[in-house]
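For reference, the structure is listed below as structure tokens.
Below, chains carry the letters A, B, ... as their sequence lines are ordered, and counting in each starts from 1.
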2 protein chains.
Amino acid sequence: MATMNDVAKLAGVSVSTVSYALTGVRPVTPETRARIHAAMDELGYQPNAIARSLASRRTHIIALLFPGIELGLSGTALEFVTSAAETAREEGYHLMLWPIGDDEVGETRNLIHQQLADGVLVMEVRLDDPRVDLLRESQTPFTLIGRTADAAGLDYADIDFDTTVRDALDHLIGLGHERIAFVSHSKASLDAGYGPTVRAGEAFERHMTERGLPVVARHCDESADAGRAVVSELWHAHPDITALITMNDAATFGAMAQLADDGRQVPRDVSVLSIASSPRVAALSHPRLTTMAAPGTELGRSGVRSLIERIEGSQSATLHELVPCRLDIQATTSPRTKE
Amino acid sequence: MATMNDVAKLAGVSVSTVSYALTGVRPVTPETRARIHAAMDELGYQPNAIARSLASRRTHIIALLFPGIELGLSGTALEFVTSAAETAREEGYHLMLWPIGDDEVGETRNLIHQQLADGVLVMEVRLDDPRVDLLRESQTPFTLIGRTADAAGLDYADIDFDTTVRDALDHLIGLGHERIAFVSHSKASLDAGYGPTVRAGEAFERHMTERGLPVVARHCDESADAGRAVVSELWHAHPDITALITMNDAATFGAMAQLADDGRQVPRDVSVLSIASSPRVAALSHPRLTTMAAPGTELGRSGVRSLIERIEGSQSATLHELVPCRLDIQATTSPRTKE
DNA sequence: TGGTGATGTCGAAACGCTTCGACGATGCGT
DNA sequence: ACGCATCGTCGAAGCGTTTCGACATCACCA
């Protein structure tokens, strides 16, 4: 494979001039540049990424830290990862996957010290996340997908659960619903400090309370059966519920099935609105689910962009981006039917 | 950050000795080794991955080539990618994502020439795939996930569609079904030479013919509506169908809905078996789908393992691994009811 | 007891690039 | 016409490793 030396010889210039022609760090006359490019074409030259990295102290690699165990995001995760990878590529960077096992902090530290990545994208951030302290200490540029409890001064891109829940309620209340229940992720995820569970729960409580409506919320394991059980229990305790907000795909489908079994028609008797989900999943439901789709693509894009700006030192302010899920009205929500 | 030089000084040896202590390429006395390790601990030393790569001509990076447009695999893609990343990590490698846009060959060539990766994993391989020729010419070690029409001499790991379809038929025929229809991916995917569509279709035709059963197969776009339409058309043309094999998640759910609307109960009147799908998706169906789950995890693991062996030159034979989908019997298949 | 072959360590040369200081050759203002 | 800044190029010194040849040292066998 041709090296810069070969190009320099063929073009009759020094290596440094070739480098300048390539990077534009210093001016080069058009004629010299032309000769150099001709030589590069003739040799099929491509700069060696590793050598360049070593010399410039920039690898143009972004690491994506994701935990082995996958909680809520997983439905949108692929979308997010794809978008992050594509954005990175557009900006001249590469995305490297760093699956992290049990020893989160230790493994993360090792990886950082290898200096393979210019910056790190952290997925599945919990309210209190030790990886954040580690990254901060190690001076590595990083951006969170999600955010810790106190994220002041940190770059992050996260779902705007508050707005999402508010929009969800606006939609349902606009349709005349008042008895609205919320079916969330598992209690375990709440205890683990999983952001979406915590924040969506808080938002639901606040917005319902502000509107003077009763707060009915349940945690639910990620399975259809759990979804069924919750529905049974819910209607037993609150027979007057007319709408359901869910944030748990498996449970949503279980809930739909149980409602059908109980003779409750969706959306005639009960409206169902699934938040932080995806169109792909919504399309599998019959009737097709009204959802609020998680903005995986947007988060991937702005997370990467911001991280790159931070790496290149061109960043003005810290990124605090909150993107709400977008409402996609399909067939499972409709006006409340008066009895 | 500490370098090898710092370690060498602190331990009172030369850099090369430190290197030998680290890599074991040449012997080092236990005492020297101990002093070196002590120095490394004291300094919190970790070898710089880039420098190591440049000197050793091994980056320990594996590239995953995946096309922007995503066809069939996508449901299992996340599982596959996760598994590949984890396996790579276990073996001391990193997985780097290479999303490829329109200019497949050009972009792939550029990436290879940068010499960032020791080897390449190619996803979404078509029967006639120009990337394969490119990789072969460029001497880069690579492994296919999927395979071309003539894959002799190439390393690949793919779904064993023949066995999968046979097992699917064994299951259904064992239940007494004889009029079995196959609903596949879109005609477009067939024309594009998408392996799963082609191979599963051929397998279905062959196995049905061998058993003296009529071949009824349809292509179907990836949407619930298309699934509905195909079901309507199918029963119009072949009212005696008692079982459906599907390979198209969105269409499967549409088909289930249409069957319900037409008053055909699953599985009493019609058995439905969804192949190359995933338990995650199956769980969303009510009744829960009998599926044959795509072996994403296995393919990721053995693809990466084989690639690494090839990179390190320790590979004996070429990898020709075919993994069938595993049957997971749930609630949508049952014995044929005699009329 | 002298030659032989391991064994353990060192110094220096890569690996392919970026970047810094230096230095003619220009162009400019006065 | 003279100095001075700017432009374009060069050579050399890194970047932090690995790896190669060389060279003592030591044990061992003839």
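Closest of all the heavy-atom pairs between Gly153(B) and Thr318(B) is O-CG2, 3.8 Å. In terms of heavy atoms, Arg199(A) sits closest to Thr148(A) at NH2-O, 3.1 Å. Heavy atoms only, all atoms of each residue included: Ile62(B) and Val304(B) are closest at CD1-CG1, 4.1 Å.
With a 6.0 Å radius and a threshold of 12 heavy atoms from other residues, nucleotides or ligands, Asp41(B) has its CG atom above the threshold.
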- Message: Across nucleotides 6-15 of chain C, 5' to 3', mark each nucleotide with B, S or - according to how protein heavy atoms within less than 4.0 Å reach it.
- Response: --SBBB---B
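Nucleotide dC17(C) holds its C1' atom 14 Å from the CG atom of Asn48(B), rounded to whole Å. Summarising the geometry, the separation between CZ on Arg52(B) and C1' on dT19(D) is reported as 13 Å, rounded to the nearest angstrom. Put simply, CD1 on Ile50(A) is 12 Å from P on dC17(C), counting in whole angstrom units. One interatomic measurement links the two molecules: CD of Gln46(B) to P of dG16(D), which rounds to 15 Å at whole-angstrom precision. As rounded to whole Å, 12 Å separates atom P of dG16(C) from atom NZ of Lys9(A). Atom pair Leu43(A):CG and dG16(C):P shows a separation of 14 Å (rounding to whole Å applied). Look at CE on Met4(A): it is 13 Å from C1' on dC10(D), rounded to the nearest Å.
The pair Arg89(B)-Glu107(A) meets the salt-bridge criterion, since a charged nitrogen lies less than 4.0 angstrom from a carboxylate oxygen. Residues Arg126(B) and Asp129(B) are paired through a salt bridge, judged by an N-O separation under 4.0 Å between the basic side chain and the carboxylate.
In this structure, Thr23(B) reaches the sugar-phosphate backbone alone: every heavy-atom distance under 4.0 Å involves primed, P, OP1 or OP2 atoms, never a base.
Within the 4.5 Å cutoff, the side chain of Ile311(B) has heavy atoms near those of the Tyr93(B) side chain.
Among Asp158(A), Asp155(A), Asp160(A), Asp128(A), the one residue that satisfies the salt bridge (Lys or Arg N to Asp or Glu O under 4.0 Å) test with Arg147(A) is Asp158(A).
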- Just do the salt bridge (Lys or Arg N to Asp or Glu O under 4.0 Å) check on Lys9(B) and Asp6(B) with the steps written out, would you? CA-CA 5 Å; Lys9(B) 268 184 203 142; Asp6(B) 302 330; 5.2 Å; no
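Rounded to 10°, the angle separating the first-five-pair axis and the last-five-pair axis of the helix from dT1(C)-dA30(D) to dT30(C)-dA1(D) equals 40°.
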